[in-house]
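Take a look at the structure below.
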Amino acid sequence: MTTALHHAVAAAIAAALPPDAGLDADAVAEGLARPPDAAKGDLAFPCFKLSKTLRKAPPQIAADLAGALGGVPLFTDVQAAGAYVNVRLDLGRAAAIVLPEIAAGSPGAAPARTERVMVEYSQPNTHKAFHVGHMRNLCLGDALVRLLRADGYEVIAANYLGDVGAHIAKCLWWYLDVLTPEQRQPPATARGEWLGELYSAASNRLDDLEDAAKSKDPDAVAALAAARARTTEILQKLEARDPELTRIWFETRAWSLADFDEIYAWCGVVFDRVFYESEVDEAGLALVEQYLAKGVFVQSEGAVGIVNDEVKHMPFFMLRKRDGTSLYATKDLALARLKFEEHRIDRSIYVVDARQSDHFRHVFLTLAKMGFAQAARCEHVPYEMVELPSGPMATRRGNVILFRALRERMTAHLLEKYLEKYRGEWSDAEIERCAHTLALGAIKYGMLSRDVNQKIVFDLEAWLELEGNTGPYLQYSTARAGSILRKCEEAGIAAAAVDATPEALTALLGALEHPEERELVLAIDGLRPAAAQAAAGLRPSVLCAYLHELAKSNNRFVNAKHCKVLQSEGDVQRARVLLVTAAHAALRWGLARLGMDAPVRM
RNA sequence: GCGCCCGUAGCUCAGUUGGAUAGAGCGUCGGCCUUCUAAGCCGAAUGUCGCAGGUUCGAUUCCUGCCGGGCGCGCCA
């Protein structure tokens, strides 16, 4: 991914290279880098790779090249330094290339693509609580959807709800057998969370009974057997679509779905298609039957599976239990087929934590052996877990922060520490909206800024500090730039016209001269490449790191006493307004790819 | 035991086609609010890049073997 600026620089360098160098402008552009120290120049071209074709030492090539670049208008200075050629850009010309596009709202054109991609993420279980651990997946999947769309793909955002299985049976066991009819009345709000408490209670009770039964306590052994018999009965009735249990299942499931809808709305996440496990379990078993008959799947100890020798440490992949019921894996096969057939997708992405890497390797190998060509374009995006300072999240130990508590504690803290001072000056609605935007930004950036293969320790207190490399820092930087633009508008100060001729724009932007202005122009130029790299690698953290750099450049410019916009005049002022417009747009565009917004003021 | 991931400043982490003196945030110390929001800006200090080999003109980056930590390993999801 190269930018218009890099291409212009590379074209000049390529033209100055000896004909036998064998590098065209695109190849040169790929090699361009930032010098380690801004004092050396704006861009650097390393000459190591030319030493073979030119049969000269890299420093000699660099010296020759620097000499040949004397008359290029885009460069105000060219220096050979060891194997590198460092160029200083004419800031007016560079800014005229970089700023207009992004100031107009888009950081260059996305690649033209025809592929249709599905990103499956979130996948919460109904009848269970939604907590901070689920937020990493949600933030990651949503950011990938946005990044891939920005990178030219047609993307279908898909959710896959776990609405069948043992956890439902445990929850309904508690609901039906343990709760009294009066207790069975759900609260007015957060009914899904309430169901989660029931599930949790049931799960804890079963664990306790299991522990007690190990010590051969006859009462415990009997109680455990009874509880297991009952949950099994519920599960079997559910699978047999028993009318009464199905009605209860449907009613309670709706409570969880209502909670999820509220969570997604608060997070600004929209799904194009929601799959349910309940719509693929039967189809999965039918597939197992079909491919068992074909000899692709085999029987083993009464169960059915497939032998994938490619996975040496665990070749057998079970697809049907001995009792004939389905597994997660069974449903994944039917779900994959549904995705292929219903949406004609070319590429299928699964955002699921890293513990399931082996599982998805098996799923994709199995799909390939079943004859699905799309299996080659199925990708698992693994990520590491979220923990709390007190250790891994465990419902049983009460070591968990539920979504609602997370939201309430963050907004309350933001109001108390930062926003209450605006009470009266701003409307209550704006203060509330601002708290929402900042809390969401803090969570999303926190979940996305770390590489997917790093564990995250979610320390609510630390995340609420909102200092340093955080979402609110980026939002603050954006709000500062926006504030300048607002004041310019109020004062009737206009930016340099982005549709002026390149010559006029170059001349006007030549008024930019300070290091802070130069640094900001160069930083803005990095937006599209950073977004493209994040999309290509399915790694939003790449864009996070870039945006943090951009925000720092923006803050240095805004903070510099000699770069004030309102105190300047004439061409300098018009050039600076365009620069701020572009920086503001770049920050907003980048944040939007992460699913983040910035408040107008904060 | 086998497989995957991690190991870089006191702490948390960037550093992906191998390239200049290894960077950032937090914390510590010291500056900057009569000039566009101090949730900010500037400066200082801090490294056997887990260890040992190998490939290379050049390795934090690639390969091999160790050490330390996390996770996974047929009837859960």
Side-chain angles (χ1 to χ4, degrees), chain A residues 30-31 33 35-37 40 44 46-49 51 57-58 81-84 86 123 125 128 162 164-167 277 300-305 311-325 327-329 331-332 352-359 361-362 382-385 387 392 414 417-419 438 449-457 459 462 465-470 472-473 475-477 479-488 491 516 533 536-537 539 541-542 544-545 548-549 551-552 555-568 576 580 601-602:
Chain A
E30 285 302 311
D37 175 6
K40 285 187 161 62
C47 299
F48 300 100
K49 295 195 168 82
S51 66
Y84 292 84
N86 295 319
Q123 310 113 331
N125 283 329
K128 275 185 161 184
V164 297
H167 69 282
E277 280 189 41
S300 170
E301 298 171 33
V304 174
V311 185
K312 292 191 191 70
H313 62 285
M314 192 182 70
F316 188 72
F317 185 45
M318 186 174 293
L319 295 164
R320 189 176 78 190
K321 292 188 272 187
R322 193 173 1 204
D323 65 6
T325 60
L327 291 139
Y328 191 49
K331 295 165 213 164
D332 256 333
V352 183
D353 75 74
R355 293 177 303 192
Q356 303 196 34
S357 295
D358 282 332
H359 167 79
R361 223 184 133 197
H362 272 298
Y383 61 90
E384 288 295 327
M385 305 304 289
E387 294 185 0
L414 286 163
K417 186 164 179 188
Y418 301 105
L419 298 173
L438 295 180
S449 59
R450 187 152 311 179
D451 192 274
V452 288
N453 54 26
Q454 290 283 359
K455 187 177 74 183
I456 290 180
V457 176
D459 184 341
E465 285 304 317
L466 308 182
E467 284 179 353
N469 187 6
T470 65
Y473 173 82
Q475 292 171 313
Y476 175 76
S477 185
R480 289 289 301 272
S483 173
I484 294 171
L485 296 176
R486 191 171 56 249
K487 292 195 172 181
C488 285
E516 291 86 355
Q533 196 191 339
R539 292 175 53 200
S541 61
V542 171
C544 291
H548 181 233
E549 291 300 319
K552 282 198 292 183
N555 282 352
R556 276 194 279 266
F557 167 79
V558 168
N559 217 271
K561 287 188 166 50
H562 50 273
C563 291
K564 298 293 176 186
V565 178
L566 292 170
Q567 279 74 42
S568 60
R576 284 179 183 165
V580 175
R601 51 182 178 173
M602 61 187 277

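The sequence lines fix the lettering, A, B, ..., with proteins before strands; numbering per chain opens at 1.
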| Pair partner, B:G18 [Watson-Crick or wobble, under 3.5 Å] | none
| Is B:A52 paired to anything, Watson-Crick or G-U wobble with both distances less than 3.5 Å, and if yes, which nucleotide? | B:U64
| note | Under a 3.5 Å limit on both distances, the Watson-Crick or wobble mate of B:U28 is B:A44
| field | Residue whose nearest RNA chain B nucleotide is more 5′ - A:Tyr418 or A:Ala81 | value | A:Ala81
| task | Let me know the distance between CE of A:Met318 and C1' of B:G72, rounded to the nearest Å. | result | 16 Å
| A:Glu465 CD - B:C11 P separation (whole Å) | 20 Å
| message | One pair to check against side-chain hydrogen bond (donor to acceptor under 3.5 Å, both in side chains): A:Tyr473 and A:Asn555. What are the steps and the verdict? | response | CA-CA 10 Å; A:Tyr473 173 82; A:Asn555 282 352; 3.0 Å; yes
| Counting only side-chain N and O atoms of A:Lys321, is one of them less than 4.0 Å from OP1 or OP2 of B:C76? | yes
| said: Can you see if the side chain of A:Ser483 gets near the phosphate of B:U37 - specifically, an N or O under 4.0 Å from OP1 or OP2? | reply: yes
| task | Would you mind reading off the distance between A:Lys128 atom NZ and B:C76 atom C1', rounded to a whole angstrom? | result | 9 Å
| For the pair made of NE2 in A:His362 and C1' in B:G74, what is the distance, rounded to whole Å? | 9 Å
| request: Both distances under 3.5 Å, Watson-Crick or G-U wobble: report the partner of B:C2, or none. | output: B:G72
| query | More than 12 non-hydrogen atoms from neighbouring residues, nucleotides or ligands closer than 6.0 Å to CD on A:Gln356, yes or no? | reply | yes
| task | Using only side-chain N and O atoms of A:Asn453, determine if any of them is under 4.0 Å from OP1 or OP2 of B:C6. | result | yes
| query | Does A:Lys487 put a side-chain nitrogen or oxygen below 4.0 Å from OP1 or OP2 of B:U37? | reply | yes
| field | Presence of A:Arg480 side-chain N/O under 4.0 Å of B:A38 phosphate oxygens OP1/OP2 | value | yes
| RNA chain B: A:Tyr473 or A:Pro46, which has the more 5' nearest nucleotide? | A:Pro46
| remark: Between CD of A:Glu387 and P of B:C71 the distance, given in whole Å, is 8 Å
| Phosphate oxygens OP1/OP2 of B:C42: is one of them under 4.0 Å from a side-chain N or O of A:Arg556? | yes
| query | If you check every side-chain atom of A:Lys40, which of B:A77, B:A20, B:C36 has the closest atom? | reply | B:A20
| Should A:Arg322 be listed as having a side-chain N or O under 4.0 Å from OP1 or OP2 of B:C75? | no
| Hey, does the side chain of A:Asn555 come within less than 4.0 Å of B:C41's phosphate (OP1/OP2), counting only N and O? | yes
